[in-house]
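What you see is a predicted model; the values in this text were computed from it and never measured. Letters A, B, ... are given to chains in the order of the sequence lines, protein chains preceding strands, and every chain is numbered from 1.
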Amino acid sequence: MIYLDNAATTFPKPQIVTDTVLDYLTNCGASPGRGGYDSAMQSSEMLFECQENIASLLSLPTPERIVFTKNATEAINAAIFGIIKDGDEIIISSMEHNAVMRSAHECTKRGAKLKIAHANEKGKVSPESIEKLISDKTKLICVIHSSNVSGTINDIHSVARIAKKHNVYTLFDLSQSAGIIPINARDFDMLAFSGHKGLFGIMGTGCLYVREGINIKPLLYGGTGSYSESARMPDFFPDIFHAGTVNAPGIASLSEGVKFIMHEGVYEKEKEITRYMYDLLSEIPNIIIPGERDRTSAISVVLKGFDSVGIAEKLNSLGICVRAGLHCAPLAHRTLGTITTGTVRFSPGFFTEKSDVEFVVSSLKKIVEN
Amino acid sequence: MLATVASVNSANRLRTHLTNKYSISSRVIQTPSALTKEGCGYSVKFDDKYKQIVIKSASELRINVRAYFREEINNEDVKYIKE
């Protein structure tokens, strides 16, 4: 099998990640913050260390403001519904995943106004186009750092500067960039990202980061293992967002995944294998590859005259795993001009070999030629 | 001595800071029920002589320590004296 769907979830995981989950389930098993016995305390320490590791990777100043969610979608929901109120305006880019688009749309049913900043044909949204949409009612700007369709990398530092100038909060979706490209997120307001993609945790892990000083309402209410006698949710982090038992084995895997990234220096390999695949794919006649050459690892293609799902099915019969369709991002496909055709998305990862890429591209060529 | 804090996360932050910055050994424990009105709290347990450093560390980390309790042990009976 050749796995090229790392934009959905990375596979394989580093061996240490798999071993850690097994070890946690075999030798620890306790719920963090739910007792004073040794394994419960070890579990709490593990969760704390995971926050520290993520903060180190992304240069975040306050590790305790990183909370664990079940995925990036939950983190995005928590941020949007925790901030937006009736009468507020929310600006999103036209490259957003449905996690943002549907949440923002739901806000409009609750009395908020949605504005969309249109990206160019490469999938890049200009900070200036966002600034033009800002009004005195704008509360939040949501921008995807790197597109899950085209891999286009947006200039979120400029967006953050503009938002700060207008006293507007930002939420950046790092699902396709965290662990894939270096990020200094020190000055950002809110971040949402998956734990199971570039960060190599297992599925069921995600994170929300909320800068100190931002008041936000929790998405869920319930037991946190702290202030148990009070009927109110704790107002401090991370407990404010940790209602109910957290995915401790998953968080343990995420912690090891992040350490793996920091120790192995994965960025160059990811960049190299993506460029290699992009260049080989570019040589196929009648292929369209939306986006720029410099990108994260999502390479979506349209082959003129061929059905995207049909191509993916043929590749599957050869043991090649790719995803075809709209990738839960119809806004992005409209922007890129691929809404009617969909695309076949190839997303190599750290463990993809050049020989795998060569086999996949030659297979694709044969499908097209026949 | 115990420094009682709101959450296990705060307790772990304080413990790590004491180790990394001041090489002081401490331990996170569940706060004895008698010492917490709010229920289910955690504390950092440390040697009495480090109290001023713990106060300074909590301030550096902006961790709200609810109270400090000194332990008095008579035979096997432990009494906590609020300071």
Item checked: Proximity breakdown for A:Ser230 and chain B, heavy-atom pairs closer than 4.5 Å -> backbone
Notebook entry, point to check: Under 6.0 Å from the CG atom of B:Asp77, do we count more than 12 heavy atoms belonging to anything else shown?
Noted result: yes
Note to self: So for A:Tyr227, is it side chain, backbone, both, or neither that comes closer than 4.5 Å to the heavy atoms of chain B?
What the structure shows: both
Notebook entry, point to check: Do the side-chain N and O atoms of A:Tyr24 and A:Ser43 include a donor-acceptor pair separated by under 3.5 angstrom?
Noted result: yes
Item checked: Centroid-centroid distance, B:Phe46 to B:Tyr22, less than 6.0 Å -> no
Note to self: Taking every non-hydrogen pair under 4.5 Å, which of B:Thr36, B:Thr31, B:Val8, B:Leu61 racks up the most with chain A?
What the structure shows: B:Val8
Margin query: Would you say the rings of A:Phe188 and A:His157 are close, in the sense that their centroids are separated by under 6.0 Å?
Written below: yes
Check: Checking heavy atoms, do the side chain of A:Glu49, its backbone, both or neither come under 4.5 Å from chain B?
Finding: neither
Next item on the list: Could you tell me which non-hydrogen atom of A:Ile216 sits nearest to which non-hydrogen atom of A:Ala79, and how far apart they are?
Entry: CD1-CA, 3.9 Å
Notebook entry, point to check: Which atoms of B:Ser10 come close to chain A, meaning under 4.5 Å heavy atom to heavy atom: side chain ones, backbone ones, both, or neither?
Noted result: neither
Notebook entry, point to check: Where on B:Arg27 is there a heavy atom nearer than 4.5 Å to chain A: the side chain, the backbone, both, or neither?
Noted result: neither
